[in-house]
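Remember, it's a predicted structure, so these values are computed and weren't measured experimentally. The sequence lines fix the lettering, A, B, ..., with proteins before strands; numbering per chain opens at 1.
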Amino acid sequence: QKVSVEVLDHLEHLALVDFRDSEGVERLQKAIQFADQLHEVNTEGVEPMDSVLEDRWCLYLREDDVTEGNCTKELLENAREKVEEYFVAPPGNIPLPKLEERETFLQGS
Amino acid sequence: CFWRRFQVSAALKEGHVTPTELCQRCLALIRSTRFLNAYITIAEESALKQAEASEERYKRGQPLGVLDGIPVAVKDNFNTAGIETTCASNMLRGYISPYNATVVQKLLDQGAVLLGKTNLDEFAMGSGSTDGVFGPVRNPWSYSRQYKEKSVPKSHSEDKESNWVITGGSSGGSAAAVSSFTCFAALGSDTGGSTRNPAAHCGVVGLKPTYGLISRHGLIPLVNSMDVPGILTRCVDDAAVVLGSLAGHDPKDSTTIQDNFKPFELPNLTDVSKLSIGIPKEYHAPGLSSEILALWSKAADLFQNAGAKVVEVSLPHTRYSIVCYHVLCTAEVASNMARFDGLEYGHRSDMNESTESMYAATRREGFNDVVRGRILSGNYFLLKQNYEKYFIKAQKVRRLIADDFMRVFRSGVDVLLTPTTLSDAAPYVEFIKEDNRTRSAQDDILTQAANMAGLPAINVPTALSERGLPVGLQFIGRSFQEQQLLTVAKWFEKQVQFPMIQLEEVERHNHGVFQDQKSTSFS
């Protein structure tokens, strides 16, 4: 089954890789087709496996003590836009352009 | 033909060669083999400083250990403090790590000399080391006498440029670096075979340790539940030495087991009669070259004739391992790549209208198609309406794959013997005819399942193909039984006597101290 435009739109909001051109969609279709082979396997009664180490240990928690930090300077060094000790982001809460307003090929479909 | 193992460590200790001489020799060789494109960054200054410090220690008679003064290289997806770490991606171009990955720190603490960062497929996604922004890595064997003798010359000048073969991937740079003698050991990573595959194509030992044995702290993650740091060396003993210095619990990586790890030396096994070798029939995969099939068969006979018990076994879910991997990998990638948004580090687009449009533009500009494709697919499989159908389903299939192995090991098999790759290294021009996903699906088929189950596995170079290129065989062991696995691998290595690469550049740099002895290992 083909991926609908709505799903593709939704995916782009989640993935944010701007891969909504025909090549990207083609790739996705192929990937889904490939993954569909999984359904040939009978997994009745089988528990999903999160980790190969499930028998060996329980994910442990350590004491909530500060053991490292004070590296603000080093961490800020790799950021392009910053002000004092803040990373600077463009305004949020502005959704990506609506379907109708987009310049991608999707407009045509 | 037989190669002698020259003890470089002993040479350093006895003063036959100094760490700075060794370092300079390797740096010079790196320069002469630039055309291989194995290195992204060469840390010449810091390497020489490390070598000098090592020299001081040797002078005082206080070397830190067997690795002191030994030149090593590290795949460029490991963080290295003060040195650019790019993952062969535009996303991290110019990113200078503020810290060392635990494994890097451990090597440095032992006195190893870090020569540089090696090339890979972008973000370790690929099986050719052809899809990074710094270009593809060339297999050193492309320029070996052994390969040149076997290739049909079209015209002399055309040959060198168009005939070269790939290293395999994604740790191709590391494999090429070790194969061309520019370093004695290199770190790679292994998520679906990324250490063993290039090891096979480049004729070096590639070890994938048990998941949980070596810290992943500082290894830029691809698939958290499968990634492991990989070790590439020219002989099994060296791999054991490096393993010894890297393994063990790391409080910074909660997926490392807490058990105490004891470094081991490998015995020289002479009696294999108590050994049970399993031959999984499903690894006779479609597309397996008749050459490799014959070698695999010959290897099985070798064990049998030496008295070992060789049995055919079945891992029925093998053929679903690639599909399972495809879903789990893309899902984890979708999650892991979410951190690259241009705000804290890495590339940032000039697009500034909104957070989302900046993120989208940054990621479009920073990631190649392969990465973006996987992120998109991963997000699809993780959608609420698909989660059960794909992600959970894949996790269930994963358990079936892991159980297959458990069943076989419980039946008394000690170690499995399989091919590592379907064929010898393909010429680059052939390889790029298919896309990355197709290639990965084809090439990972023999290596991927070990990552699914978290088991240790090792490629041992076995013989040269008809084209004069390396072919390796793979041993898969039980969880955390690296000692047994490596002992068997070492025995096999001794039996097959894999030939040394005859590379002009290596021979040119090898006179003086080493004279007619080629130092292939350091332990």
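- Looking at Asn379(B), Leu382(B), Ile375(B), Leu376(B) one by one, the single match for side chain to side chain contact (heavy atoms under 4.5 Å, CB included) with Leu14(A) turns out to be Asn379(B).
- Ranking Val7(A), Val46(A), Asn42(A), Leu28(A) against chain B, the residue ahead of the rest is Val46(A), based on heavy-atom pairs under 4.5 Å.
- Between Ser377(B) and Ile32(A) there is no side-chain heavy-atom pair separated by less than 4.5 Å.
- Within residues 331-344 of chain B, the residues that have a heavy atom under 4.5 Å from a heavy atom of chain A are Leu343(B), Glu344(B), listed by number.
- From Phe19(A), atom CZ reaches atom CZ of Phe367(B) across 12.5 Å, with rounding to the nearest 0.5 Å.
- Atom CD of Glu85(A) has 12 or fewer heavy atoms from other residues, nucleotides or ligands within 6.0 Å.
- Here OH of Tyr95(B) is found 5.5 Å from CG of Asn78(A). Values are rounded to the nearest 0.5 Å.
- Heavy-atom distances place the backbone of Met452(B), and not its side chain, under 4.5 Å from chain A.
- If you take CE on Met49(A) and CG on Leu400(B), they are separated by 10.0 Å, rounding to the nearest 0.5 Å.
- In this structure, the side chains of His317(B) and Val41(A) come closer than 4.5 Å at one or more pairs of heavy atoms.
- Of the atoms belonging to Glu353(B), it is backbone heavy atoms, and not side-chain ones, that fall under 4.5 Å from chain A.
- Neither the backbone nor the side chain of Ala361(B) comes within less than 4.5 Å of any heavy atom in chain A.
- Nearest approach of Ala15(A) to Arg363(B), heavy atoms of both residues: O-NH2, 3.0 Å.
- Ion pairing between a basic and an acidic side chain is recognised when a charged N comes within 4.0 Å of a carboxylate O; Arg372(B) and Asp18(A) show no such pairing.
- Neither the backbone nor the side chain of Tyr99(B) comes within contact range of chain A; no heavy atom of the residue lies under 4.5 Å from a heavy atom of that chain.
- Contacts of Asp369(B) with chain A are made by both backbone and side-chain atoms, with heavy-atom separations under 4.5 Å.
- Contacts with chain B were tallied for Gly24(A), Gly92(A), Ala35(A); Ala35(A) has the most, counting heavy-atom pairs under 4.5 Å.
- With contacts defined as side-chain heavy-atom distances shorter than 4.5 Å, the pair Glu81(A)/Arg348(B) qualifies.
- Of the atoms belonging to Ile322(B), heavy atoms from both backbone and side chain fall under 4.5 Å from chain A.
- For Phe34(A), the parts lying under 4.5 angstrom from a heavy atom of chain B are both the backbone and the side chain.
- Other residues, nucleotides and ligands contribute at most 12 non-hydrogen atoms within 6.0 Å of the CD atom of Gln33(A).
- For the options Met351(B), His326(B), Arg374(B), heavy-atom pairs under 4.5 Å to chain A are most numerous at His326(B).
- Taking CG of Leu383(B) as the start and CG of Leu11(A) as the end, the distance is 5.0 Å to the nearest 0.5 Å.
- The distance from atom NE2 of His39(A) to atom NZ of Lys389(B), rounded to the nearest 0.5 Å, is 5.5 Å.
- Looking only at heavy-atom pairs under 4.5 Å with chain B, the residue among Ala79(A), Ala31(A), Pro48(A) that has the most is Pro48(A).
- For the pair Leu96(A) and Glu356(B), the tightest heavy-atom approach, listed with the atom from each and the gap, is CG-OE1, 3.7 Å.
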For this session: Determine, step by step, whether Asp50(A) and Arg399(B) satisfy the salt bridge (charged side-chain N to carboxylate O under 4.0 Å, His left out) criterion, reporting the C-alpha distance in whole Å, the side-chain angles of both residues, the deciding distance to 0.1 Å, and the verdict.
Result: CA-CA 9 Å; Asp50(A) 286 325; Arg399(B) 182 177 295 285; over 6 Å; no

Problem set entry | Residues Val52(A), Arg398(B); criterion side-chain contact (heavy atoms from CB on, under 4.5 Å); working and verdict | CA-CA 9 Å; Val52(A) 293; Arg398(B) 181 174 188 177; 3.4 Å; yes

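- Contacts between residues 64-75 of chain A and chain B, defined by a heavy-atom separation under 4.5 Å, are made by Glu68(A), Glu74(A), Leu75(A).
- For Glu77(A), no part lies near chain B; criterion is any non-hydrogen pair under 4.5 Å.
- Taking every heavy atom of both residues into account, Leu38(A) and Tyr390(B) meet most closely at CD1-O, 3.9 Å.
- For the pair Arg364(B) and Asp21(A), the salt-bridge criterion is not met [side-chain N within less than 4.0 Å of a carboxylate O].
- The side-chain heavy atoms of Thr355(B) and Ile94(A), taken from C-beta on, include no pair separated by under 4.5 Å.
- Ser354(B) OG to Asn93(A) CG: the interatomic distance, rounded to the nearest 0.5 Å, is 10.0 Å.
- Side-chain contact between His347(B) and Arg80(A) is absent, with no heavy atoms from C-beta onward closer than 4.5 Å.
- Residue with the most contacts toward chain A among Ala453(B), Ser225(B), Ala402(B): Ala453(B) (heavy-atom pairs, distance under 4.5 Å).
- Only the side chain of Val327(B) comes within contact range of chain A, judged by heavy atoms closer than 4.5 Å.
- For Phe480(B), the part lying near chain A is the side chain, with the backbone staying farther off; criterion is any non-hydrogen pair under 4.5 Å.
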For this session: Given salt bridge (charged side-chain N to carboxylate O under 4.0 Å, His left out), test Arg27(A) with Asp435(B) step by step and report yes or no.
Result: CA-CA 10 Å; Arg27(A) 262 179 208 254; Asp435(B) 68 272; 5.6 Å; no

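- Annotation: Tyr380(B) is not in aromatic contact with His10(A) [ring centroid separation under 6.0 Å not met].
- Proximity to chain B is absent for every atom of Lys82(A), based on heavy atoms less than 4.5 angstrom apart.
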